[in-house]
Student: 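One structure, as structure tokens, below. Some questions next.
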Amino acid sequence: MDRRRLIQAAIDNLPGAYAPYSHFYVSAALLCRDGTVYTGFNIENAAYSATVCAERSALFRAVNDGKREFEAMAVCGGRDGVITGYCAPCGVCRQVMREFCQPETFRILLAKSVDDYREMTLAELLPMSFGPENLE
Ligand code: THU
């Protein structure tokens, strides 16, 4: 996996975020097992709860295109699009990842830059999780 390329894709996508209410821009780049990369950013709404996060935007675009196997996601964000810290996925996004990604192997890169990032598995970010196997 080319981590720098994935992080750069997330960073390049950040200015497009639609965040007129919080002014907090978030972007994600999702690496599919077949090597394709899907980006997403947060899309806010005047009715705040209708907002969609960057991570789910990327995942839903990929799933809508028929992708079902994923390796990693890079996430970055910051106020007015300026990255100052590591931006961790919210709980809802972690649960949506859990639907499609293997907890022990799916890697999440919280990036400040291509050289400065923290890497975690989904299992580390969402321990003791509930997933599709629970309903078998
Ligand atoms: N946000 C994301 O896009 N991803 C996250 O995981 C955390 C929060 C967005 C939602 C909202 O548009 C803004 O950040 C402030 O919460």
Side-chain angles (χ1 to χ4, degrees):
M1 172 182 29
D2 186 342
R3 289 167 170 76
R4 293 171 66 93
R5 178 174 157 255
L6 193 64
I7 292 167
Q8 191 62 56
I11 292 172
D12 289 347
N13 189 55
L14 186 60
Y18 180 74
Y21 306 108
S22 74
H23 305 286
F24 194 85
Y25 288 41
V26 185
S27 175
L30 174 66
L31 176 64
C32 306
R33 180 124 330 138
D34 66 7
T36 52
V37 172
Y38 283 80
T39 56
F41 46 60
N42 53 332
I43 303 170
E44 296 189 343
N45 192 282
Y48 293 176
S49 64
T51 292
V52 178
C53 291
E55 298 89 329
R56 274 176 288 153
S57 294
L59 256 165
F60 292 159
R61 288 180 83 189
V63 171
N64 194 68
D65 261 4
K67 310 295 177 181
R68 293 290 186 278
E69 295 186 308
F70 305 106
E71 279 189 13
M73 179 184 279
V75 183
C76 63
R79 192 166 171 84
D80 293 321
V82 180
I83 303 170
T84 53
Y86 302 110
C87 182
C90 78
V92 173
C93 287
R94 296 177 197 199
Q95 184 63 38
V96 173
M97 291 175 197
R98 177 68 175 85
E99 188 66 25
F100 297 103
C101 310
Q102 299 301 318
E104 302 295 339
T105 58
F106 186 73
R107 312 197 82 78
I108 297 145
L109 313 178
L110 310 180
K112 284 204 238 180
S113 72
V114 293
D115 298 311
D116 183 354
Y117 60 90
R118 292 191 61 186
E119 180 168 335
M120 266 153 283
T121 64
L122 179 56
E124 288 170 326
L125 280 181
L126 190 69
M128 288 279 297
S129 62
F130 187 91
E133 317 79 56
N134 294 97
L135 298 180
E136 280 168 7

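Just so you know, these numbers use all the heavy atoms, side chains as well, and skip hydrogens, waters and symmetry mates.
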Student: The criterion is salt bridge (charged side-chain N to carboxylate O under 4.0 Å, His left out); which residues satisfy it with Asp115, sequence neighbours excluded?
Tutor: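 Expected list: Arg4.
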Student: Report the distance from atom CZ of Phe106 to atom OG1 of Thr121, rounding to the nearest 0.5 Å.
Tutor: 10.5 Å
Student: Is a donor on one side and an acceptor on the other found under 3.5 Å between the side chain of Asp80 and the backbone of Val82?
Tutor: no
Student: I need the Phe41 CZ to Tyr25 OH distance, nearest 0.5 Å.
Tutor: 10.5 Å
Student: Which heavy atom of Leu30 sits nearest to which heavy atom of Ala62, and what is that distance?
Tutor: CD2-CB, 3.8 Å
Student: For Val114 versus Ile11, what's the shortest heavy-atom pair and its separation?
Tutor: N-CD1, 4.3 Å
Student: Please check if Leu126 and Tyr86 belong to a single hydrophobic cluster, counting links between Ile, Leu, Val, Met, Phe, Trp and Tyr side chain heavy atoms closer than 4.5 Å.
Tutor: yes
Student: Between Arg118 (side chain) and Ala111 (backbone), is there a donor-acceptor pair under 3.5 Å?
Tutor: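 Checking the backbone N and O of Ala111 against the side chain of Arg118, no donor-acceptor pair under 3.5 Å is found.
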Student: Using side-chain heavy atoms (C-beta onward) and a distance below 4.5 Å, is Cys53 in contact with Val92?
Tutor: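 They are not in side-chain contact.
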Student: To the closest 0.5 Å, what do you measure between CD (Glu104) and CD (Glu124)?
Tutor: 8.5 Å
Student: Can you check whether Gly131's main-chain N or O pairs, donor with acceptor, with Asn134's side chain at less than 3.5 Å?
Tutor: yes
Student: Flag yes if Leu109 and Met97 sit in one hydrophobic cluster, no otherwise; membership is Ile, Leu, Val, Met, Phe, Trp, Tyr, and two members link when side-chain heavy atoms are under 4.5 Å apart.
Tutor: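 Looking at the clustering, Met97 is in a separate group from Leu109.
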Student: Under 3.5 Å, side chain of Arg79 to main-chain N/O of His23, donor-acceptor pair present?
Tutor: no
Student: Is the count of non-hydrogen atoms from other residues, nucleotides or ligands lying under 6.0 Å from Glu99 atom CD greater than 12?
Tutor: yes
Student: Rounded at 0.5 Å granularity, tell me how far SG in Cys76 sits from CD1 in Ile83.
Tutor: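 Result: 4.0 Å between the selected atoms.
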Student: Linking I/L/V/M/F/W/Y whenever any side-chain heavy atoms sit under 4.5 Å apart, do Val52 and Val75 land together?
Tutor: no
Student: Would you say Leu31 and Ile108 are hydrophobically clustered, going by side-chain heavy atoms of ILVMFWY under 4.5 Å?
Tutor: no
Student: Report yes or no: do Val37 and Tyr117 belong to one cluster of Ile/Leu/Val/Met/Phe/Trp/Tyr joined by side chain heavy-atom distances under 4.5 Å?
Tutor: yes
Student: Could you tell me whether Glu44 atom CD has more than 12 heavy atoms of other residues or ligands within 6.0 Å of it?
Tutor: yes
Student: Shortest non-hydrogen contact from Arg5 to Gly35?
Tutor: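 Distance-wise, the nearest heavy atoms are NH2-O, 4.1 Å.
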Student: What heavy-atom pair brings Cys32 and Tyr38 nearest, and what distance separates the two atoms?
Tutor: SG-CD1, 3.7 Å
Student: Rounded to the nearest 0.5 Å, what's the gap from CG on Asp34 to CD on Glu69? Could you check?
Tutor: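 The CD atom of Glu69 is 9.0 Å from CG of Asp34, to the nearest 0.5 Å.
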Student: Please find the pair of heavy atoms, one from Gly40 and one from Ser57, that lie closest to each other, and give the distance.
Tutor: CA-CB, 3.9 Å
Student: Applying side chain to side chain donor-acceptor pair (under 3.5 Å), name anything that partners Glu133, two or more places apart in sequence or on another chain.
Tutor: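 Only Arg98 meet the side chain to side chain donor-acceptor pair (under 3.5 Å) criterion with Glu133.
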Student: If I compare all heavy atoms of Ala28 with all of Ala10, which pair ends up nearest, and what's the gap?
Tutor: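 Closest heavy-atom pair between Ala28 and Ala10: C-CB, 4.1 Å.
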Student: Between SG of Cys87 and CG of Asn42, what distance do you get to the nearest 0.5 Å?
Tutor: 8.5 Å
Student: Do the rings of Tyr21 and Tyr48 sit parallel, tilted or perpendicular, given the 30° and 60° boundaries?
Tutor: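 Because their plane-to-plane angle lies in the 30° to 60° range, the rings of Tyr21 and Tyr48 count as tilted.
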Student: Using a 3.5 Å distance criterion without hydrogens, assess whether the side chain of Glu55 forms a donor-acceptor pair with backbone atoms of Cys93.
Tutor: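 Absent.
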Student: Check each of Arg94, Met120, Gln95, Met73 against Pro89 using the side-chain contact (heavy atoms from CB on, under 4.5 Å) test, and report the only one that passes.
Tutor: Arg94
